[in-house]
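Side-chain atoms are counted along with the backbone in the values below, which use heavy atoms only and exclude waters and symmetry mates. Along the sequence shown, residues are numbered consecutively beginning with 1. Everything quoted here is computed from the prediction, not taken from an experiment.
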Amino acid sequence: MTQFDYDLFTIGAGSGGVRASRLAANYGAKVGVAEEYRVGGTCVIRGCVPKKFLVYASEYGHGFNDAKGYGWSASELSFDWTKLIENKDDEIDRLNGIYIRNLKNAGADIFQSRATLKDKHTVHLEAEGRDVTAEKILVATGGAPWTDSSIPGHDLGVTSNDAFHLEKLPKHVVVAGGGYIAIEFACIFKGLGCDVCLVYRGEDILRYFDTDVSVQVHSEMKRQGIRIVTQTKFENIEQLNDDSKRVHLTNGTHIDTNMVFWAVGRKPATGGMGLENAGVDLDKSGAVKVDEYSKSSVENIYAVGDVTDRVALTPVAIREGAAFAETCFNNNPMKMDYTFIPKAVFSQPPVGTVGYAEHEARHEFKNIDIYKTNFRAMKNMLSGSEERVLMKLVVDGDTDRVLGCHIVGDGAAEMIQCLAIAIKAGVTKKQFDETVALHPTIAEELVTMREKFTPKM
Ligand code: NDP
């Protein structure tokens, strides 16, 4: 019999925490889970899932226009933000219920409470005013949107957390940032009919991606009428009247807007958790430092997901949670494999990418071959849309292995999920070439690229 109340106590019931807790419970551990907000975490409650609903909603904004070329007409089009949010909330409630049920069915105790550490085996449940003890503790508290508090008036802006519950859609939005959330929400707002201006401090948006991807997304966003201002930052934000704000930029200009949307990154949620009481080491960004088995600097305390600031993606947190449970509760030491993780940005059109960007591959391999194509998809011939598709393969010229694939265009995320299987398994360019095309699709272009791309001198 263990001397503790629990074999495992998990703090944070998001993707990673829930996966780890359920598996550990299935392996016979006595598990407690504390969640201060809602079971499901960022992904389900105020991240990937509700965001994707907003993406679907905004795609109809373009879809109705495109349908005209196919003979459709509608005299009265209107959009009801409140209805969308209500429907989205109903679905999120349903998913939240499923997550709670799954945890309970696995035998875990759920505590609706903020939890902090008193020492390396003691968790304080604030809502209950009591302590519980556990042999192992898993920190899975995720991250939270960060805003730049050095900017006067920064609190006049909202973050992605607020965007899911706006009372009404603003007429004009200024988005700060050039990463995933900035790009996705800029496209969402535009598709729903807002005027959008995106302000990015660097040279071009999505800078972690292949340069062709950044350039393509930038040009597609511009084509839709999203204004993108680069190489400048917010200097201060001023309230003009009830409904409008003025954003002063460091380049000396200003933009008047109805809503300022911060998307300048997320920070690991470790503040005020008492991790220092237990001796857990954090890095500069506040992330829990862990080894390859997700173990922190303290023998019995582990951490998975965004709170560790490794790869901040839901499926990665789920895998890390599963590997933790296998290692600690199934006597099956397991490490997460971070290679060839497929990624998507749900911009419009979306991005799907896996493996090396061209610049990364050129850095690591001697001979790199590039295959790429850029075309208007068949659907747009009748719709009249000028939207273009980019497809790019990065190939090791010595071994013929496909090292990376980057797509911007309709269905890019769906295509990349399937391609990631082959690319992770080591598929060669020759095997792409030997695969018969499926006609007429956008994806067929992936197996018909024959000419190596040679940059113009
Ligand atoms: P990102 O790291 O993607 O982007 C942050 C952006 O903010 C960057 O463009 C960065 O610029 C800019 N920035 C940072 N600090 C400042 C500053 N002080 N002033 C002005 N700009 C600044 O973060 P997100 O918040 O967009 O997303 C967080 C994470 O969540 C992502 O990394 C991703 O892992 C995950 N996510 C995944 C999604 C998906 O899978 N589709 C969707 C949404 C989020 P710079 O480039 O110069 O550093």
Side-chain angles (χ1 to χ4, degrees), residues 11-18 34-58 81-82 84-96 99 112-115 140-151 153-170 173-189 192 194 196 198-199 234 237 245 247 257-273 285-287 305-307 309 312-314 317 345-347:
I11 307 180
S15 302
V18 167
E35 169 57 53
E36 66 176 336
Y37 186 51
R38 294 183 73 189
V39 172
T42 299
C43 172
V44 175
I45 307 296
R46 46 192 182 187
C48 324
V49 174
K51 182 274 308 288
K52 195 79 188 277
F53 286 126
L54 300 195
V55 170
Y56 287 136
S58 70
W81 169 257
T82 309
L84 168 64
I85 295 304
E86 278 170 11
N87 289 348
K88 180 265 297 174
D89 284 344
D90 286 348
E91 177 57 13
I92 301 307
D93 288 348
R94 191 183 72 84
L95 294 173
N96 171 244
Y99 268 67
Q112 179 70 54
S113 172
R114 179 165 173 79
T141 46
W146 172 77
T147 62
D148 187 349
S149 55
S150 70
I151 307 287
H154 73 98
D155 51 348
L156 294 172
V158 301
T159 68
S160 57
N161 280 356
D162 313 301
F164 295 114
H165 291 106
L166 296 174
E167 273 175 31
K168 58 175 185 152
L169 259 188
V173 187
V174 172
V175 176
Y180 282 85
I181 296 178
I183 302 307
E184 292 182 341
F185 272 91
C187 292
I188 287 169
F189 287 128
L192 296 179
C194 311
V196 180
L198 182 137
V199 176
F234 288 9
I237 309 170
K245 292 149 188 74
V247 179
T257 190
N258 308 112
M259 190 174 88
V260 177
F261 182 92
W262 284 108
V264 291
R266 295 172 61 85
K267 286 263 188 295
T270 48
M273 271 192 67
S285 70
D306 291 8
V307 76
D309 201 16
L313 296 173
T314 297
V345 183
F346 293 99
S347 46

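- Side-chain contact between Val158 and Trp262 is absent, with no heavy atoms from C-beta onward closer than 4.5 Å.
- Nearest heavy-atom pair across Thr314 and Ser15 is CG2-OG, 3.2 Å.
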_Apply side chain to side chain contact (heavy atoms under 4.5 Å, CB included) to residues Leu166 and Met259 and explain how you reach the verdict._
CA-CA 10 Å; Leu166 296 174; Met259 190 174 88; 3.7 Å; yes

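- In terms of heavy atoms, Ala269 sits closest to Val307 at O-CG2, 4.0 Å.
- Under the rule for a side chain to side chain donor-acceptor pair (under 3.5 Å), the partners of Asp89 that lie at least two apart in sequence or sit in another chain are His165.
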*Going through the distances and angles, do Arg38 and Asp93 end up as a salt bridge (Lys or Arg N to Asp or Glu O under 4.0 Å)?*
CA-CA 10 Å; Arg38 294 183 73 189; Asp93 288 348; 2.7 Å; yes

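- Note that the CZ atom of Phe346 and the NZ atom of Lys52 stand 4.0 Å from one another [nearest 0.5 Å].
- For Phe189, the ring-ring contact (aromatic ring centres under 6.0 Å, His included) test picks out Phe185, Phe261, with sequence neighbours left out.
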*Carefully, step by step, assess Met273 and Arg114 under the rule side chain to side chain contact (heavy atoms under 4.5 Å, CB included).*
CA-CA 9 Å; Met273 271 192 67; Arg114 179 165 173 79; 4.0 Å; yes

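- The shortest side-chain heavy-atom distance between Val49 and Cys43 falls under the 4.5 Å cut-off.
- The structure places NZ of Lys88 at 11.0 Å from CD of Glu91, a figure rounded to the nearest 0.5 Å.
- Distance alone, capped at 3.5 Å, places no donor-acceptor pair between the Trp146 side chain and the Pro268 backbone.
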*From CA spacing to verdict: side chain to side chain contact (heavy atoms under 4.5 Å, CB included), Val44, Asn96*: CA-CA 7 Å; Val44 175; Asn96 171 244; 5.6 Å; no

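- Listed by chain and number, the residues in a side chain to side chain donor-acceptor pair (under 3.5 Å) with Ser149 amount to none (sequence neighbours excluded).
- In terms of the side chain to side chain donor-acceptor pair (under 3.5 Å) criterion, Asp155 has no residue partners (sequence neighbours excluded).
- At distances below 3.5 Å, not a single donor-acceptor pair connects side-chain atoms of Asn258 with backbone N or O atoms of Pro170.
- The salt bridge (Lys or Arg N to Asp or Glu O under 4.0 Å) pairs that include a residue from residues 174-188 are Lys51-Glu184, where partners are two or more places apart or lie in different chains.
- With rounding to the nearest 0.5 Å, the separation of CD1 in Ile11 from OG in Ser113 is 10.0 Å.
- Considering NE2 of His154 and CG of Asp148, their distance stands at 8.0 Å, rounded to 0.5 Å.
- Of the possible polar contacts, one joining the Thr270 side chain to the Gly286 backbone as a donor-acceptor pair under 3.5 Å is found.
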_Residues Val260, Val247; criterion side chain to side chain contact (heavy atoms under 4.5 Å, CB included); working and verdict_ = CA-CA 8 Å; Val260 177; Val247 179; 3.7 Å; yes

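- A search for side chain to side chain donor-acceptor pair (under 3.5 Å) contacts involving Gln112 returns nothing, not counting sequence neighbours.
- Looking at heavy atoms from C-beta onward, Arg266 lies in side-chain contact with Ser160 at the 4.5 angstrom threshold.
- To the nearest 0.5 angstrom, Ser58 atom OG is 13.5 Å from Phe53 atom CZ.
- Closest non-hydrogen pair, Cys194 versus Leu169, comes out as SG-CD2, 3.9 Å.
- Between the side chains of Asn161 and Thr159, not a single donor N or O lies within less than 3.5 Å of an accepting N or O.
- Here the shortest heavy-atom pairing between Ala176 and Phe234 reads CB-CZ, 3.4 Å.
- Residue-environment remark: CZ (Phe164) exceeds the threshold of 12 foreign heavy atoms within 6.0 Å.
- Distance check, rounded to the nearest 0.5 Å: CD1 of Ile188 to CG of Leu54 gives 5.0 Å.
- Looking at every heavy atom in both residues, Leu84 comes nearest to Ala57 through CD2-CB, 3.6 Å.
- Put simply, the side chain of Asp306 does not reach to within 4.5 Å of the side chain of Thr42, judged on heavy atoms.
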